[in-house]
Amino acid sequence: PRQGPLRLAGGPLQVGLPEGVVEDLQRDGARVPGVEHVPEERRQVERALADMGRMGVKSVMYAGEGKPLLHREIPSIVRTTKACGIDVAFTTNAALLNERVIDVLDDVTWLKASINGGTPGIYAQVHRTQVHDFNRVIRNLSNAVERRNANGWKTTLGSQIVLLPENQNTVVALAAVSRNIGLDYL
């Protein structure tokens, strides 16, 4: 049998729109190119994951451009990945870590949220989004911590910051927010 890589990283969706734009379009009910999916795509993903499991792939991190939680089939993709014996992880901006997808955390080993600013203003500046999006992301992560704890899930939940000149003075604030909502690490 062929041996696969131990870990794969990639995005289930590539749309290439700036931070916040895709989420705003989806919230307003717009169709976003690359976000509409067809049944054949789902079958292809399921076959690929089954092949990866047989080849010995140990983990898949869904991340990157295209916001992995935006994919309409991400709950099914996560469950299929786990059913194929592959650990699942996410790197996400957590803007869409909402009721539609939060229960998949039971099948996720870890989730890391990219929060590149410890205050709403700096977050909005660095992520090129609206100031209120910072509070939405923190609320989503807080809800994820509460749901994990209430259900006894083993998922590790954390945040990361890319240190930049414009956000360097907000790292301590982000550490405090991360600790206060119960994240496992920054």
Side-chain angles (χ1 to χ4, degrees), residues 1-17 19 22-23 34-116 127 137-138 140-163 174-175 178-179 181-186:
R2 295 185 329 193
Q3 177 67 40
L6 294 180
R7 187 186 126 206
L8 294 172
L13 177 69
Q14 301 295 321
V15 292
L17 294 174
E19 187 83 27
V22 172
E23 291 87 346
V35 178
E36 301 304 319
H37 308 285
V38 295
E40 180 58 28
E41 175 187 339
R42 183 174 177 176
R43 288 189 292 276
Q44 289 172 343
V45 168
E46 289 170 351
R47 283 192 301 267
L49 288 168
D51 288 345
M52 286 188 263
R54 282 190 295 275
M55 290 172 48
V57 171
K58 300 297 182 198
S59 68
V60 172
M61 179 183 64
Y62 293 114
E65 303 185 34
K67 324 291 184 273
L69 299 179
L70 181 61
H71 195 292
R72 291 189 198 287
E73 297 289 333
I74 200 64
S76 174
I77 291 170
V78 168
R79 287 185 193 95
T80 300
T81 306
K82 192 70 173 177
C84 291
I86 303 170
D87 284 342
V88 181
F90 279 101
T91 296
T92 176
N93 64 17
L96 294 176
L97 184 59
N98 55 32
E99 288 301 315
R100 182 180 72 81
V101 298
I102 200 164
D103 285 334
V104 303
L105 291 179
D106 186 27
D107 290 321
V108 173
T109 303
W110 57 263
L111 179 140
K112 175 176 56 179
S114 298
I115 307 174
N116 294 322
H127 284 272
V137 165
I138 298 306
N140 289 348
L141 289 168
S142 179
N143 290 341
V145 168
E146 289 175 16
R147 184 78 61 95
R148 176 198 62 190
N149 294 347
N151 289 294
W153 299 337
K154 304 292 185 214
T155 309
T156 300
L157 299 169
S159 60
Q160 72 173 11
I161 185 169
V162 175
L163 188 59
L174 181 59
S178 297
R179 181 189 62 233
I181 66 170
L183 292 179
D184 298 308
Y185 66 87
L186 166 63

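Please read these numbers as outputs of a predicted model, since none were measured by experiment.
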- Task: Could you walk me through whether Val88 and Asp107 pass side chain to side chain contact (heavy atoms under 4.5 Å, CB included), step by step?
- Result: CA-CA 7 Å; Val88 181; Asp107 290 321; 5.6 Å; no
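- Side-chain contact between Glu73 and Val45 is absent, with no heavy-atom pair separated by less than 4.5 Å.
- Formation of a donor-acceptor pair under 3.5 Å by the Asp184 side chain with backbone atoms of Leu157 is found in this model.
- Checking side-chain atoms of Asn140 against main-chain N and O of Ala94 turns up a donor-acceptor pair under 3.5 Å.
- Closest of all the heavy-atom pairs between Leu49 and Ile77 is CD1-O, 4.0 Å.
- Atom CD in Gln160 sits 10.5 Å away from atom CG in Leu174 (nearest 0.5 Å).
- From Thr156, atom OG1 reaches atom NZ of Lys112 across 12.5 Å, with rounding to the nearest 0.5 Å.
- In this structure, the separation between CG on Asp103 and CG on Leu105 is 8.0 Å, given to the nearest 0.5 Å.
- In this structure, Thr91 and Pro68 approach most closely via the heavy-atom pair O-CG, 3.6 Å.
- Atom CD1 in Ile138 sits 11.5 Å away from atom CG in Asn143 (nearest 0.5 Å).
- Here OG1 of Thr80 is found 4.5 Å from CD of Glu46. Values are rounded to the nearest 0.5 Å.
- Counting only distance, with no hydrogens or angles, the side chain of Ser178 and the backbone of Leu183 share no donor-acceptor pair below 3.5 Å.
- Arg100 contributes a side-chain N or O that, together with a main-chain N or O of Leu69, makes up a donor-acceptor pair within less than 3.5 Å.
- Residue Ile115 holds its CD1 atom at 4.5 Å from OG of Ser159, rounded to the nearest 0.5 Å.
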- Val108 vs Val78, side chain to side chain contact (heavy atoms under 4.5 Å, CB included): CA-CA, chis, key distance, verdict: CA-CA 8 Å; Val108 173; Val78 168; 4.1 Å; yes
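- Put simply, the side chain of Val137 does not reach to within 4.5 Å of the side chain of Asn93, judged on heavy atoms.
- The backbone N or O of Trp153 sits nowhere less than 3.5 Å from a side-chain atom of Asn151 that would complete a donor-acceptor pair.
- Of the residues listed (Lys58, Lys82, Lys154), the one engaging Asp87 in a salt bridge (charged side-chain N to carboxylate O under 4.0 Å, His left out) is Lys82, and it is the only one.
- Between the Asn116 side chain and the Val162 main chain, a donor and an acceptor come within less than 3.5 Å of each other.
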- Task: Under the side chain to side chain contact (heavy atoms under 4.5 Å, CB included) rule, what do Leu111 and Tyr62 come out as? Steps first, then yes or no, please.
- Result: CA-CA 10 Å; Leu111 179 140; Tyr62 293 114; over 6 Å; no
- Carefully, step by step, assess Val101 and Phe90 under the rule side chain to side chain contact (heavy atoms under 4.5 Å, CB included). CA-CA 12 Å; Val101 298; Phe90 279 101; over 6 Å; no
